[in-house]
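The block underneath contains the structure these notes are about, expressed in structure tokens.
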Amino acid sequence: MNGIILVSHTRGMVEGLRALLLEVAGDIPITIAGGTDEGDVGTSFEKIQSAINENPADMIYAFHDLGSAKLNLDMAIEMSDKTIEITNAAFVEGAYVVASLIGAGADQDTIKKNLDPIRIKNR
Amino acid sequence: MDAFTNTIEENKTHLSKLDNPIGDGDHGHNMSRGVKAASEALNSTPPKTLSEVFKTVAMSLISKVGGAAGPLYGTAFLNMSKYIGDNETLSKEQIASMLEEGLNGIKTRGKATTGEKTMIDLWEPAVNHFKENGTLDASIIDDYVEKTNPMKATKGRAAYLGERSIGHTDPGATSSGLLFKTLIDTAGLS
């Protein structure tokens with residue numbers, strides 16, 4: 001099974017994006033980590049770890065917004081046994097494309113082909 | 001660590017102010033949250049070994065800072081903790097190697113190098129100076145911090161500003177400068 005993790009600096013952003021993704025793919029595993037532990041703007045390593053642990057998928061596509069989201073994702077992935085790909089795709093468009101494809105039962109090659117043109121993050 | 005927490009507290013507003021024009025204006029408050037959590041963790045259950053002290057600080061910074069500084073400083077302290085191992089006291093040479101391990105952690109985590117207007121522009125010259133001379137002092141640290149001012153950022157949030165990042169001192173280099181100054185005062189780097 002394929003799944004999705006969304007990581008952003010605010011809870012509202014990932015909750016909103018998840019709601020959008022569930023419109024196109026209602027029954028795929030999507031877990032989220034938004035904001036710091038105190039609910040402030042920022043990212044939380046522990047929330048990301050929980051989002052990884054709670055996601056039942058074998059292959060997880062990770063989407064993040066900015067800076068520390070990526071660094072914390074990197075650390076959490078290093079400490080996890082699961083297969084997780086940081087897609088570096090456009091946050092909304094990337095997650096939407098992948099959610100649609102997972103929902104439609106697409107294989108990982110097809111997902112990769114559709115993701116490649118919208119990988120925009122290189123820092 | 002208490003000394004570093006105090007100096008971060010004293011400079012919290014200054015750090016966030018530096019972060020305002022070229023970042024998101026929260027570096028001081030993020031660092032303050034992290035170092036306070038680290039001090040609390042150290043005081044509530046005092047670690048038995050030096051290595052554990054560094055590990056406790058690392059985990060507190062990783063889980064509490066909330067900005068990119070968390071995983072960067074966290075990885076540095078984790079690497080230093082690994083280097084310390086079973087040692088309870090370190091020679092100057094060992095301190096230099098320990099700091100170098102910390103620096104390598106930041107470089108790997110941030111996929112960054114010198115000249116990109118980041119904390120590495122403080123860590124690398126400071127570590128090299130200490131390695132070569134066996135001493136460091138506050139004025140040298142201030143000098144390295146100031147050298148980030150005319151740099152153009154190519155890494156981190158400030159990189160989005162391109163040319164407009166020139167003329168601002170890097171907040172990460174500044175907070176790292178405070179860490180090194182604390183080490184000069186407390187860990188015999190002078």
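Computed from a predicted structure; not experimentally measured. A note on names: the letters A, B, ... follow the listed sequences, proteins ahead of strands, and every chain is numbered from 1. Keep in mind that the numbers below use all heavy atoms, side chains included, and drop hydrogens, waters and symmetry copies.
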Could you pull out all residues at least two apart from A/Ser50 that satisfy side-chain contact (heavy atoms from CB on, under 4.5 Å)? A/Glu54

Tell me, side chain or backbone of A/Ser44 under 4.5 Å from chain B's heavy atoms, or both, or neither? neither

State yes or no: do B/Met80 and B/Ile8 share one hydrophobic cluster built from I, L, V, M, F, W and Y residues joined by side-chain heavy-atom distances below 4.5 Å, directly or via other members? yes

Hey, what do you get for CG (B/Leu78) to CE (A/Met75), rounding to the nearest 0.5 Å? 6.0 Å

Is the number of heavy atoms from other residues, nucleotides or ligands under 6.0 Å of B/Asp86 CG greater than 12? no

Under 4.5 Å from any heavy atom of chain B, what part of A/Glu78 do you find: side chain, backbone, both or neither? side chain

Looking at residues at least two apart in the chain, or sitting in another chain, which of them share a salt bridge (charged side-chain N to carboxylate O under 4.0 Å, His left out) with B/Lys17? none

Residues which pass salt bridge (charged side-chain N to carboxylate O under 4.0 Å, His left out) with B/Glu132, listed by chain and number, not counting sequence neighbours: none

What heavy-atom pair brings B/Pro71 and A/Leu71 nearest, and what distance separates the two atoms? CG-CB, 3.4 Å

Portion of A/Leu66 that has a non-hydrogen atom of chain B nearer than 4.5 angstrom: side chain

Using non-hydrogen atoms and a 4.5 Å limit, figure out which bit of B/Arg157 sits close to chain A: side chain, backbone, both or neither. side chain

Indicate, with yes or no, if B/Val65 and B/Tyr73 share a hydrophobic cluster defined by side-chain heavy-atom contacts under 4.5 Å among Ile, Leu, Val, Met, Phe, Trp and Tyr. yes

Counting neighbours of CZ on A/Arg119 that are heavy atoms of other residues, nucleotides or ligands and sit closer than 6.0 Å, is the number greater than 12? yes

Please determine whether residues A/Ile4 and A/Leu73 belong to a single hydrophobic cluster, defined as Ile, Leu, Val, Met, Phe, Trp and Tyr linked transitively by side-chain heavy-atom distances below 4.5 Å. no

CA sep, side-chain torsions, deciding dist, call: A/Glu46, B/Lys64, salt bridge (Lys or Arg N to Asp or Glu O under 4.0 Å): CA-CA 9 Å; A/Glu46 280 164 31; B/Lys64 289 293 168 208; 5.2 Å; no

Separation of B/Asp24 CG from A/Ser68 OG (nearest 0.5 Å): 8.0 Å

Crowding at NZ, A/Lys82 (>12 non-hydrogen neighbours, <6.0 Å): yes

Once rounded to the nearest 0.5 Å, what's the spacing between atom CG of A/Asp74 and atom OG1 of B/Thr75? 9.5 Å

How many angstroms lie between CG in A/Asn72 and OG in B/Ser63, if you round to the nearest 0.5 Å? 9.5 Å

If hydrophobic clusters are built from ILVMFWY residues whose side chains come within less than 4.5 Å, do B/Val57 and B/Ile62 share one? no

Would you kindly confirm whether B/Met119 and B/Val35 end up in one hydrophobic cluster when ILVMFWY residues are joined by side chain heavy atoms under 4.5 Å apart? yes

Which residues in residues 22-40 of chain A have any heavy atom closer than 4.5 Å to a heavy atom of chain B? A/Thr36, A/Asp37, A/Glu38, A/Asp40

